[in-house]
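The model shown is predicted, which means the values in this text are computed figures rather than measured ones. Chain naming here is simple, since letters A, B, ... match the order of the sequence lines and numbering starts at 1 in each.
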Amino acid sequence: MAKEKMEEKEIKPEEMQLDDAARVKVLSPGMMVAKRFFRNRLAIVGMVIIICMFLFSFLGGALSPYSESEVFYTSETMLKDYAGATAIDQYLFVVKPGEALPKDIYSKTMIAASTNKFEFTSRDGNNYRLEPLGEEVYVLYARVQTGPKPKDVEDVEIAIGSLKSFTTASADMELSYDFCKGALSALASGQESFSADGADYKMEAAGNHGALIMDASGAETAFVSDMNINPVNSGTYLSPGFKLLLIEMIEQEKDSMSVTEDDGTEATYLLQNKNGQYLVRRNQETRIIDSYAAPSPEHVFGTDGNGMDLMARLMYGGRISLLIGFVVIAIEVVIGTIIGGIAGFFGGRIDNLLMRLVDVIYCIPSLPLFLILGSIMDYYQLPAKVRIYTLCVVLAVIGWVGIARIVRGQILSLREQEFMIATEALGLSTHRRIFRHLVPNVIPQLIVFASMGLGDVILTEATLSFLGMGIKYPAASWGSIINAVNDVNVMTNYVFVWLPAGMFILLTVLAFNFIGDGLRDAFDPKMKR
Amino acid sequence: MKKFILKRILISVVLLFFVSLIIYTIMRCLPTSYVENQARALATRPGAKSYQEWVAQLNAAYGLDVGVLRGYFRWLAGAVRLDFGDSWYWNQPILDKFKSVIWYSFFLGLVSFTLEMLIAIPLGIAAAKKQYSMTDYTVTVVALIGISLPSFFFATILKYIFSIKLGWFDLSGTVSRMHQTMTDAQKFLDIAKHMILPVITITVVSIGGMMRYVRANMLEVLNSDYIRTARAKGLSEKRVINHHAFRNTLIPIVTLLGGSLPGLFSGAMITEQLFQIPGIGYTSYVSVMQGDIPFVMFYMVFLAVLTLLGNLIADILYAAVDPRVRVG
């Protein structure tokens with residue numbers, strides 16, 4: 001069927017009449033406007049920018065592998081204090097279960113050991129006696145009075161003291177008193193084996209400062225040394241192997257050593273000697289938030305201070321900025337058209353009243369008002385979503401007055417024209433006359449104003465978000481991304497954080513203005529191009 | 001004419017009444033965290049009254065203990081006698097604080113406004129003279145960029161280039177470190193130097209609107225019949241533009257300028273805040289952030305007065321140059 005028609009046309013072109021509609025290219029007014037609009041280069045540039053922004057924000061946001069509030073981490077090797085080592089210069093006591101040491105035992109032991117007076121009275125009045133078990137190993141007895149005479153004294157063993165410290169072979173093992181006593185006495189007397197708790201243990205000297213204790217099967221049980229080696233972070237367990245290596249390091253006066261850890265990673269330890277106090281530092285892999293990462297293939301625009309991908313935030317921020325713009329303008333147009341239309345059509349007292357309302361709202365300073373509302377929202381700690389909706393409503397409630405004025409002015413002049421008299425003569429309803437005959441004639445001005453107003457709204461929203469009173473974390477907006485420049489360090493060193501967002505705002509608002517400008521020219525019937 | 005002016009003034013006063021009522025109502029919605037903080041601080045003093053008592057006393061002292069309507073009339077009674085009360089945050093009478101900061105804003109506004117006029121009027125006219133020429137396109141694009149530039153972004157770029165990269169200006173503030181040791185002339189130059197970036201910011205951001213306004217009006221004039229007549233008479237293009245067209249575009253421009261004059265006092269909140277210039281805009285910004293209700297109230301009403309005054313001046317000027325407006 002379609003083919004037939006085409007053939008018909010091709011066959012008889014010369015039969016066309018002079019007044020044939022197809023001969024003369026007739027353009028409807030709408031098409032004329034479109035034609036003029038598409039001839040305007042700036043307007044086309046604006047259209048292209050806006051389409052790109054929409055694709056970037058809505059499609060890009062959907063395609064982006066990252067979400068708007070996903071935090072990225074990076075690992076960094078940092079030199080961290082790991083352990084400290086000092087030679088033991090104070091007697092350490094292993095206490096028998098159920099007994100307690102007097103508070104001043106440490107000083108008393110020092111005095112006793114240096115003066116060889118092994119009997120002493122503690123500050124709380126009890127008598128004690130130290131019995132040397134070998135070199136620098138003492139057993140502590142409490143002298144308990146059993147009878148009225150001074151001689152009725154019984155010695156009760158309560159602890160064993162030495163300049164050695166024990167390390168268990170695993171973190172959750174505990175050593176018994178007997179074991180420690182056996183080990184210490186064996187150490188003091190130079191024996192290589194001892195028995196405690198019914199088991200035999202062997203001892204093997206390791207370096208000049210320590211000894212490894214193994215049970216009958218040859219498994220490591222404990223490590224004794226005269227160095228006190230403690231981790232910097234409580235909760236870290238230092239194994240005998242590590243302590244052994246560390247002591248070796250100290251003896252050989254090495255500065256660093258590499259150890260293959262249990263999980264197979266290589267770790268480097270650095271040793272620092274501070275007047276006999278040794279500090280071990282380790283190059284540790286630490287997981288940190290990847291903040292202000294420079295642009296890279298994974299993060300095209302880098303990351304922000306919270307370690308979030310800036311590209312994703314720009315996309316989601318674009319959604320919010322564009323959405324707020326359109327929602328606010330839509331509300332403004334509705335309110336403005338209704339009020340402006342009513343005022344312009346009825347005139348007289350209604351007009352006067354409504355226009356004074358417009359004047360009042362026009363006089364309210366908007367920026368301070370928005371800031372105040374922002375701080376009210378802060379006070380009630382509204383969630384990010386609610387803030388966005390509130391912001392839309394508030395911006396619209398303040399912003400409709402401009403549209404109302406334009407609509408009213410236009411309708412005032414249209415009202416007097418012949419076609420309106422015709423509608424009156426036809427007896428059309430007031431509602432129909434306003435909204436079917438007057439408002440459509442205002443639409444060109446409305447569209448122009450709305451497209452320029454969109455830019456304004458986006459600018460206002462960005463300004464508020466920049467001041468921290470609009471869209472808040474974790475929701476993103478272009479303005480809140482630039483907010484980071486309030487930190488001079490970011491402004492100076494991380495240009496990639498704030499420059500793209502600012503350019504996006506500029507380009508979007510500029511594009512809306514280009515389009516509005518183009519539309520104004522296109523709608524102007526006086527324009528001859 | 002007298003009747004017209006009188007009528008306009010009366011309408012403005014009525015409008016101001018309602019505007020300030022609305023502003024007062026909104027201000028009363030502000031979280032009174034300032035009062036609460038103050039009460040908390042006072043209550044922790046040795047031998048002080050309890051927190052609740054302090055809150056009640058402070059609310060009474062600040063006039064927050066009565067309803068909105070009564071509170072408003074109380075405020076209004078003070079305001080008509082130019083007694084706006086004391087600022088909470090700045091700890092001094094509002095008018096004193098106002099007097100000490102307004103001149104920064106005024107001079108900032110005046111200089112930028114003068115620059116704006118000097119640049120916008122010639123460029124706007126040049127653009128209109130040759131519509132759709134390269135000049136016209138350039139002016140249009142520049143004007144639209146100016147309108148579209150977020151002031152905070154532009155200020156940041158200026159700071160980045162001129163303060164950080166080139167090191168020509170300080171990042172913020174109005175005086176440099178050695179200000180106290182300078183002679184008077186040096187002091188003046190020092191302050192002027194600190195004002196350069198803010199002035200550029202304000203000028204660039206607000207120049208676009210005026211450029212487009214001048215251009216649109218000039219175009220309208222150039223399309224009118226008397227210009228065609230002048231051309232038909234065979235006048236030189238120079239004479240047509242300078243004598244016949246320019247004088248007629250001056251009518252709307254003068255109206256606009258007159259209407260903008262009160263705006264010179266309104267301060268630029270964002271620019272002043274970014275450059276830490278202690279003008280009325282910055283002071284009010286800090287007051288909003290600190291919940292200083294009396295000062296913010298004053299500032300908002302002050303801005304409303306400036307807007308009304310601007311409209312009034314524009315209306316009167318317009319009526320003065322165009323008698324048709326006065327009817328009705």
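In terms of heavy-atom pairs under 4.5 Å with chain B, the best-connected choice from A:Leu459, A:Leu367, A:Asp359 is A:Leu459. Residue with the most contacts toward chain A among B:Thr307, B:Val14, B:Val19: B:Val19 (heavy-atom pairs, distance under 4.5 Å). In terms of heavy-atom pairs under 4.5 Å with chain B, the best-connected choice from A:Val495, A:Asp378, A:Thr460 is A:Val495. Taking A:Ile505, A:Asn486, A:Leu467, A:Ile458 one by one and counting their heavy-atom pairs under 4.5 Å with chain B, the maximum is reached by A:Leu467. If you tally non-hydrogen atom pairs under 4.5 Å between each of B:Phe152, B:Phe18, B:Tyr299 and chain A, the highest count goes to B:Phe152. Between chain B and the residues A:Ala462, A:Gly479, A:Gly374, A:Gly455, the largest count of heavy-atom pairs under 4.5 Å involves A:Ala462.
Taking the ring centre of B:Tyr89 as origin, the terminal cationic atom of B:Lys97 falls outside the region bounded by 6.0 Å and 45° from the ring axis. With a 6.0 Å cutoff to the six-membered ring centre and a 45° limit on the axis angle, A:Arg405 counts as a cation-pi contact of A:Tyr362.
Of the atoms belonging to A:Met503, heavy atoms from both backbone and side chain fall under 4.5 Å from chain B. Residue B:Ile23 touches chain A through its side chain alone, counting heavy-atom pairs closer than 4.5 Å. Neither the backbone nor the side chain of B:Ser284 comes within contact range of chain A; no heavy atom of the residue lies under 4.5 Å from a heavy atom of that chain. Proximity to chain A is absent for every atom of B:Leu306, based on heavy atoms less than 4.5 angstrom apart. Residue B:Ile164 touches chain A through its side chain alone, counting heavy-atom pairs closer than 4.5 Å. Proximity to chain B (any heavy atom under 4.5 Å) is shown, for A:Val360, by both the backbone and the side chain. Contacts between B:Phe154 and chain A at a heavy-atom distance below 4.5 Å are absent for every atom of the residue. Heavy-atom distances place no part of A:Leu357 under 4.5 Å from chain B, backbone and side chain included. Using a 4.5 Å cut-off between heavy atoms, B:Met269 touches chain A through its side chain atoms alone. Residue contact with chain A, scored on non-hydrogen atoms closer than 4.5 Å, involves the backbone and the side chain of B:Ile147 alike. With a 4.5 Å cut-off on non-hydrogen atoms, A:Ile361 does not touch chain B at all. Heavy atoms of A:Phe514 lying under 4.5 Å from chain B belong to its backbone as well as its side chain. Only the side chain of B:Ile11 has a heavy atom closer than 4.5 Å to any heavy atom of chain A. Only the side chain of B:Asn311 has a heavy atom closer than 4.5 Å to any heavy atom of chain A. Of the two parts of A:Leu369, the backbone and the side chain both hold a non-hydrogen atom closer than 4.5 Å to a non-hydrogen atom of chain B. Looking at A:Leu510, both its backbone and its side chain come within 4.5 Å of chain B, counting heavy atoms on both sides.
Between B:Phe302 and B:Phe298, the angle of the ring planes stays under 30°, which puts this pair in the parallel group of the 30/60° scheme.
Aromatic ring centres of A:Phe326 and A:Phe54 lie closer together than 6.0 Å. The aromatic ring centroids of A:Phe466 and A:Trp478 lie 6.0 Å or more from each other. Taking the six-membered ring for Trp and the full ring otherwise, B:Phe98 and B:Phe295 have centroids separated by 6.0 Å or more.
The closest side-chain donor-acceptor pair between B:Trp90 and B:Ser287 falls under 3.5 angstrom. A side-chain N or O of A:Arg356 and one of A:Asn352 form a donor-acceptor pair less than 3.5 Å apart.
Closest heavy-atom contact between B:Ser20 and B:Met297: O-CE, 3.6 Å.
In this structure a side-chain-to-backbone donor-acceptor pair under 3.5 Å is present from A:Arg387 to A:Gly470. A:Ser480 places a side-chain N or O within 3.5 Å of a backbone atom of A:Ser477 that can act as its donor or acceptor partner.
A salt bridge is defined here as a Lys NZ or Arg NE, NH1 or NH2 lying under 4.0 Å from an Asp or Glu carboxylate O, and A:Asp351 with A:Arg408 meets this definition. Ion pairing between B:Lys130 and B:Asp136 fails under the 4.0 Å rule for side-chain N and carboxylate O.
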